[in-house]
Amino acid sequence: MDAGNERTVRVAVIGSGLAGMSAAHVLSQTPGFHVALFERNPGLGMDAGSIPVPCECEDCEASGLLRGGKGKKLSGNDRQRHYAGRIDVPMRSFFPGYYPYLTALYDSLAIPHKQSDNSMSFFSLPASKDPETVFVSPQSFPTKLDTSKLSEKSSDVVAMASVKDSYFTFSCYRIPPPVNNFFGIPDFPSLQLLAKDPSRYLSHVTRSFRISRDYFAFIRQCVDLMDSGVLDLAKEGKGVLGSLTFGQFMSQSSYSDDFWSVFLPLFSGACTCTFDDLKAFPAYIIIEYSAVCLPDGKMSFVTCGTKEVCTRLAAPIQQVLCSTTVDGIVHDSGTGKFTLTTIPTEYAHTENAAANRTTHEFDHVIFATQANQASRILRATVSAPARNGSVRVGDGNAVYETFVANAARVLDRFPYTRSLVVCHTDATLMPSLREEWRCLNFGVLEEHKRAQMTPRAGSGLQANHTANYDVDNVAMCTHFSQMTQTEVPESVPPLFQTTNPIVLPRPDTVISATWYERAIVRMDTADALRQLSVLQGGGGGVWFVGSFVGDGIPLLESCVTSAIAAAKGIVAKEAAKGECSGELFMPPGMVEKNIALVIGVNQIATKLNLERPEFIPYIRIAYFTVQAITLSVAFYIRNQITTKNDKTPLVYTEAKSIFEPKNLETVTTTNEKYDLVKSNESLQQLAIGLLMMCVMHFQFGYIRPLLLQAVLGLKNVYGTQLFRIHVLGQAATGDLKRPWKKSPFEAATEAVTPKEAKALEKKEEKKKLGKKSE
């Protein structure tokens, strides 16, 4: 079709979570498309629950924003400036290995993210006799906490808070650059306990040993099941895991109860569901997540916060309509158009609603809401009679009404459970001993611990789940915010974010309390997904995206993949009609080709069963050949650097540590020395990568990572700055200009002029003199 004759394809996106904004982001930048994003809340959905970090500047202290905190009181010249940071609610962590599309999207938008300490503690709470102590009726807990309705904690609560036994903890330690990775080691009790109570000390050590032993055995089993193709068969409902729930897998396993006492709270927190809900998951989903994420351990966080993510995703979208409720959707079979009726949220469900309705016309509609919400909206707009002030275009469209009935029936098959997230400063929800506080802290009721942690307690075949979580059947997870947001100043008191609290925090310490709904997975969810895939784009152009539209645990990755799939489907439909070129815009730098290559290699490995013993020697030869070539290229580059002998001065600033991003130091060097440092780092990375791969393969039996590195190894070398400058002969300009952008896990560097460098040096000298005078 001629460019001059192209019409504008209008797309409505309902919901501004990550799925909605991802779809709107790529479609709005595709030529010939106009996108309108509708959000009923005042702000974009992904950041709607986030809160500002309370600080102790004069204004915040005067306004009482500290909310019961016990931070250090400052005065005079020592008083801190205002800190405008935010806490993401709910906490949003991700593992790059399990979230390739999300990671690629963040990288394409220059969203900084870094690995974080992912240390954990697991503790039990003694059962309380006071019914007000334990959160027995979460359904009655208000969305915004009304502190006037909560009494102060009784003496029973204080006693309960003071006796919280941590039955397992582990700490994380960071391997410095160039590896930049964290590794966890179980904590051993103090030697004082050994002297005071040897039997308790021995019991703790024995428990830690059993947990660690079973952890590695479980990982090995998960990896074997993934590499052997058993998980791929299970996704089709075939093989030994095809009809097995995770609860049934537990009952057939030989792992200790001590191991499950750690694993179940961890995954109950990851999936924000009860233990029974977790046991009802298909076994292959939990096993696949464990095989990918647990050995890798690279839990990461966005350092700029979800507010900045929302800003960058929403920037190119033509229309962003917040505080706008979609009141009606109908399709006209004659024109092929959808008519959306909207109302300002403040007038929804009021007598002024009719007078404030507005209509919009679109070619496609994307539901970026929860499945149950999409079902309600579709059912209501078909069954509701015409109203004054609303336009019911296309009433009597039998095809559309049949589609809505089928879509609603399928959407209703996706179950949801509710969770509560409370932000507060109450340390009594943490382990009793301060030295046992970790990044993530899981608490369970003592009297339910043994009953719930044994694999024989419940088969995971429950037919229904309650509207809200049950404190007798869940682990509360408290995130210690300062462990991941290291830039928060010391003047800010410890900030906690507790998901599914078993014990209520003190009312005066509560900052916010919000309910969330989370999709959970059942044995029939895969069938529902297959039916939904058939319905995508039906009804004239209705699409569904979100965390529930995915092949694993409903997480952020499914939001991005389903959004890209829907956007591609829309573009393909319009291209078939000759309305557009058929090329979907993809963000610059988004490594979709790499992802496609990885997926392609995995599919080929599965189809050809390359994990068979007869293929393993050839995979090893390929891997070590690639490593030898890579090492030869690295030494060739090093030789080129010394031969060129480039003495051009280079001055830049960089953070002294990943934990002190604002503590900058000035670096003065030359291009040659800078490149030699980077060359040394690349050689260290090669050596450490080779060592880690050998351990993963020969110790734990990983085969696919070996195969992937054999395919991707040379491609990764080709893209480095050193290769492009010293082998391809490209000029050191643009993205090759030194200093180079570091990995997402490191602080950024910034080139400065010699004059700026001197000014920075003087500033640093003043700081040193100031510290000495104190």
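Bear in mind that the values here come from a model prediction, so they are computed numbers and not experimental data. Only this structure's heavy atoms are used, side chains among them; waters, hydrogens and symmetry mates stay out. All residue numbers in this chain count up from 1 along the given sequence.
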Given 3.5 Å as the limit, does a donor-acceptor pair link the side chain of Ser562 with the main chain of Gly546, or not? yes
His113 and Thr103 side chains, donor-acceptor separation under 3.5 Å: no
Distance, nearest 0.5 Å, that separates OG1 of Thr625 from CD1 of Ile621: 7.0 Å
Any side-chain heavy-atom pair of Ser300 and Pro96 under 4.5 Å: yes
When you measure from the side chain of Glu557 to the backbone of Tyr101, do you find a donor-acceptor pair of N or O atoms at a distance under 3.5 Å? yes
Start with the C-alpha distance between Phe94 and Tyr106, add both sets of side-chain angles, then the distance that settles ring-ring contact (aromatic ring centres under 6.0 Å, His included), and finish with yes or no. CA-CA 12 Å; Phe94 65 98; Tyr106 283 164; 5.6 Å; yes
Hey, mind stepping through Phe95 and Met299 against side chain to side chain contact (heavy atoms under 4.5 Å, CB included) and telling me if it holds? CA-CA 5 Å; Phe95 290 86; Met299 186 174 77; 3.9 Å; yes
Heavy-atom nearest pair, Ser16 first then Gly45, reads OG-N, 2.5 Å
Donor-acceptor under 3.5 Å (Gln497 side chain, Asp88 main chain): yes
Does Thr670 use its side chain to pair, donor to acceptor, with the backbone of Lys673 at less than 3.5 Å? yes
Give a yes or no on whether the backbone of Val626 and the side-chain of Thr630 come within a donor-acceptor separation of less than 3.5 Å. yes
With heavy-atom distances below 4.5 Å as the criterion, would you say the side chains of Pro112 and Thr303 are in contact? yes
Show the nearest heavy-atom pair for residues Ser28 and Ala24, with the distance to one decimal. OG-O, 2.7 Å
Compare all side-chain heavy atoms of Leu321 with those of Glu39 and state whether any distance is below 4.5 angstrom. no
Taking side chain as C-beta onward, heavy atoms only, is Met21 less than 4.5 Å from Met46? yes
Could you grab the distance from atom CD1 of Ile725 to atom CZ of Arg738, nearest 0.5 Å is fine? 4.5 Å
Would you indicate whether the side-chain heavy atoms of Ser22 and Leu105 approach each other to under 4.5 Å? yes
Which heavy atom of Cys172 sits nearest a heavy atom of Ser119, and at what distance? SG-N, 3.5 Å
For Lys678 and Asn680, test the side chains for any donor-to-acceptor distance below 3.5 angstrom and give the result as yes or no. no
4.5 Å side-chain heavy-atom contact, Gln319 and Val35: no
Chi angles and distances behind the side-chain hydrogen bond (donor to acceptor under 3.5 Å, both in side chains) call for Ser93, His479: CA-CA 11 Å; Ser93 62; His479 172 220; over 6 Å; no
Between Asn118 and Arg438, is any side-chain donor less than 3.5 angstrom from a side-chain acceptor? no
If you define the side chain from C-beta out and look only at heavy atoms, does anything of Ser682 sit under 4.5 Å from Phe723? no
At their closest point, which heavy atom of His34 faces which heavy atom of Gln318, and how far apart are they? NE2-CB, 3.4 Å
